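Letters A, B, ... mirror the listed sequences (proteins, then strands); counts begin at 1. This structure is a prediction, so every number in the text was calculated from the model and none was measured.
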Amino acid sequence: MLKTLVKRSFAKAWHRLEANERVNKGIALIEVEQSTRPEFGDFSSSIALAEARNTTFSAHELATEFANALRTDTTTELYSRVEIAGPGFVNVFLAPSLIHSALRQILEMGNRFGYSTIGQQEPLQVEFVSSNPTGPLTVGHGRQAVLGDVLASLYTNLGYEVSREYYFNDEGHQIDLLAQSLWARYRQEFGDTINIPEQGYQGEYIVDIARQVVKEHGPSFTDFDEQTSHRFKQDAISRISSMIKNDLSLLGVEFDSWFSEQTLHHSGEVTAALKALKAHDGVYELEGAIWLKTEENRGVKDSVLVRSDGRPTYLMVDIAYHINKHRRGFTHVINVQGADHQVEQSSMQAAMRILGYPEDFLDYAVHQFVSIKEHEKTTRMSTRAGKFILLNDLLDELGRNVVRYFMAARKPTSHLEFDMDLARTQSLDNPLYYIQYAHTRIASIFRRIGSPAMSAQVDLSPLEKREELDLIKQLDRFPEMLQQAAFEFSPHLITDYALTLARAFHAYYDSYRVLGNQKRLTTARLALLRGVQIVVHRSLQLLGLSIPEEM
RNA sequence: GCGCCCGUAGCUCAGUGGAUUAGAGCGUCGCACUCCGGAUGCGAAGGUCGGAGGUUCGAAUCCUCUCGGGCGUACCA
């Protein structure tokens with residue numbers, strides 16, 4: 001990577017500068033950044049400005065010294081020019097041959113470009129969606145599904161051994177309510193006036209399920225006894241979870257494992273988890289309940305683990321679940337969750353601390369909510385009231401690619417306003433198609449010439465236009481951007497990057513002709529297009545979007 | 001009250017310490033096709049980066065206060 005090379009050379013030059021007695025030794029942080037304007041070169045450093053105070057030089061004098069140190073480094077031929085500008089910036093202009101070598105590397109790597117081995121195959125789990133099987137997925141879940149799925153791909157790309165998991169709350173109060181709601185709807189089919197419980201589920205889908213039960217079993221369930229309750233529970237769960245799986249699959253999201261909450265209860269892991277917390281002095285009793293000591297973390301008060309009637313809370317079970325994850329050998333766990341789970345996140349982190357797990361074991365990728373804007377009206381989601389826009393409806397109308405793109409293109413910590421009218425009427429002006437079109441145009445030119453294999457040995461020296469060198473520099477940034485997107489839980493960096501790259505490509509392609517009489521030039525430009533194609537391909541792939549050859 | 005997130009162009013959003021032109025898409029207005037796919041390109045108009053202080057050589061970006069919006073603040077899950 002170009003930046004790495006530059007940074008290394010800067011560090012070396014700075015090291016030599018430290019021989020000067022007017023400079024303090026060994027504390028400078030070498031910062032290199034990509035220049036924002038062409039006249040500032042390719043990379044620049046403000047190190048002289050930041051470090052002048054640790055020397056007896058002025059910032060400008062220090063920059064001069066530093067620039068000289070860079071220029072006299074004869075071991076490399078990185079720069080065509082080194083300049084000082086403004087109050088003390090040092091700007092370097094890369095030699096074209098160096099930039100060409102970056103493209104050569106991309107051609108050599110092909111579709112492996114951007115992969116990294118940082119993760120060293122460490123087992124990492126991404127847990128996401130994990131919606132209760134009490135109703136179909138909403139657009140909010142859709143955002144989480146896309147976020148989790150892309151993060152999982154990103155970490156795979158960084159060399160982690162990634163597993164996607166869905167945690168299934170198939171036990172507890174909400175499930176009881178679900179069964180009761182289904183029972184009420186079932187009896188209503190026979191004209192009985194049984195009401196849905198106050199906090200129960202009102203959605204139309206419960207009616208559909210009730211009708212199916214009627215169809216299969218008739219009026220045979222006359223009382224809501226233990227057996228019927230159990231039956232309705234399992235029936236509702238299995239039907240709703242297959243709805244959920246179906247929606248996810250339409251979105252292109254596949255899980256490696258589905259973890260059932262019931263298993264934690266049956267295996268005794270919940271009890272064991274409580275015991276472990278007790279052994280670490282992490283709990284206390286008050287008013288007949290057992291509480292977790294959260295040490296007033298981020299303004300969050302202590303939470304109940306075991307109710308006074310002896311039943312464990314959701315948090316208690318969740319702690320057992322995380323112990324289970326740790327035992328399964330995951331060294332990193334990323335939980336993707338909505339912003340409404342803040343308290344749980346703090347409590348869980350506290351529990352992990354109490355149990356002595358490493359600080360980096362558990363991370364939360366938090367995302368804000370989604371609202372749908374349609375005809376100037378904004379609708380918010382609420383599952384229980386039965387008023388929500390279903391992910392399924394969105395997929396039906398817009399298709400997997402558009403939905404995934406819109407969900408991924410926003411910074412997760414920002415509220416996402418999904419503009420239906422825009423998504424519909426402008427689907428042809430959609431940025432997604434603009435990116436895909438870049439790939440298509442390149443695919444088309446290679447089809448036309450019979451798609452010869454592109455050798456990395458090709459002579460790239462004819463690539464001397466500023467647009468060509470800029471394109472290569474953009475391609476070269478790809479791996480670094482991917483790392484940032486992964487570590488900052490920010491898939492939108494990929495969509496931003498891809499859009500910028502596509503723009504640069506379209507502009508270039510419009511003003512320079514690739515196929516021509518000059519063989520060397522044509523070959524070199526084809527190599528450049530291949531490089532762009534590789535990176536666009538990889539971007540779309542990581543986002544889970546289709547990569548069209550034709551549109 | 002307390003905690004977290006957000007406030008940047010008409011709309012939807014990037015940018016979270018760097019250089020007297022703060023970016024993109026959509027929308028508006030104008031221009032460019034005998035040419036590798038026009039799902040394209042070029043240009044224009046449009047912003048005191050919610051407000052006020054502060055830190056710094058340097059602030060949309062960091063700190064404090066403040067105004068506005070969202071989400072929490074359950075012996076719900």
Taken to the nearest whole Å, CD1/A:Ile445 to C1'/B:C36 is 4 Å
- Query: Is a donor-acceptor pair below 3.5 Å formed from side chain A:Asp510 to base B:A32, judging by atom type as modelled?
  - Reply: no
query: Below 6.0 angstrom between ring centroids: does that apply to A:Phe93 and A:Tyr79?
result: no
inquiry  = Determine whether the aromatic ring of A:Tyr509 stacks with the base of B:C36, defined as ring centroids separated by less than 5.5 Å and ring planes inclined by less than 30°.
reply    = yes
- Near A:His266 NE2, under 6.0 Å, is it more than 12 heavy atoms from other residues, nucleotides or ligands? yes
- Item | B:G18 pyrimidine/purine six-ring stacking with A:Phe89, under 5.5 Å and 30° | no
Do A:Phe66 and A:Phe10 make the cut of ring centroids closer than 6.0 angstrom? yes
Requested in this report: Looking at every strand, decide which applies to A:Gln436 at a 4.0 Å heavy-atom threshold: base, sugar-phosphate, or nothing.
Outcome: nothing
- Would you say the side chain of A:Ser444 and the base of B:C36 hold a donor-acceptor pair, judged only by whether the two atoms sit under 3.5 Å apart? no
Would you classify A:Arg513 as touching base, sugar-phosphate or nothing, given that sugar-phosphate means primed atoms plus P, OP1 and OP2, and contacts are heavy atoms under 4.0 Å? base
*asked:* Just to be sure I understand the rule, does A:Glu39 reach a base, reach only the sugar-phosphate, or reach nothing, if contact means heavy atoms closer than 4.0 Å?
replied: base
Walking RNA chain B from its 5' end, the first of A:Gly288 and A:Arg410 to be reached, judged by nearest nucleotide, is A:Arg410
Here the distance between atom C1' of B:C5 and atom CG of A:Leu416, to the nearest Å, is 14 Å
| said: So, under a plain 3.5 Å distance rule, would you say the side chain of A:Ser46 forms a donor-acceptor pair with the base of B:G18? | reply: yes
### Query
When the ring centroid of A:Phe478 is compared with that of A:Tyr497, is the distance short of 6.0 Å?
yes
Review point. Using a cut-off of 4.0 Å on non-hydrogen atoms, how would the nucleic acid contact of A:Ser308 be classed: base, sugar-phosphate, or nothing?
Key: base
(message) Is the base of B:A19 stacked against the aromatic ring of A:Phe40, taking ring centres under 5.5 Å apart and planes under 30° as the test?
(response) yes
Within the 4.0 Å heavy-atom criterion, would you say A:Thr440 contacts the bases, only the backbone, or no part of the nucleic acid?
base
Requested in this report: Using a heavy-atom cut-off of under 4.0 Å over every strand shown, decide if A:Tyr364 touches base, sugar-phosphate, or nothing.
Outcome: nothing
- Task: Give A:Ala52 one of three labels, base, sugar-phosphate or nothing, depending on what nucleic acid heavy atoms sit under 4.0 Å from its own.
- Result: nothing
Checklist line | Pair A:Phe259 + A:Phe168: ring centers closer than 6.0 Å | finding: no
How would you label the contact of A:Ser44 with the nucleic acid (heavy atoms, under 4.0 Å): base, sugar-phosphate, or nothing?
base
Counting any heavy atom closer than 4.0 Å, what does A:Asn91 reach on the DNA or RNA strands: base, sugar-phosphate only, or nothing?
base
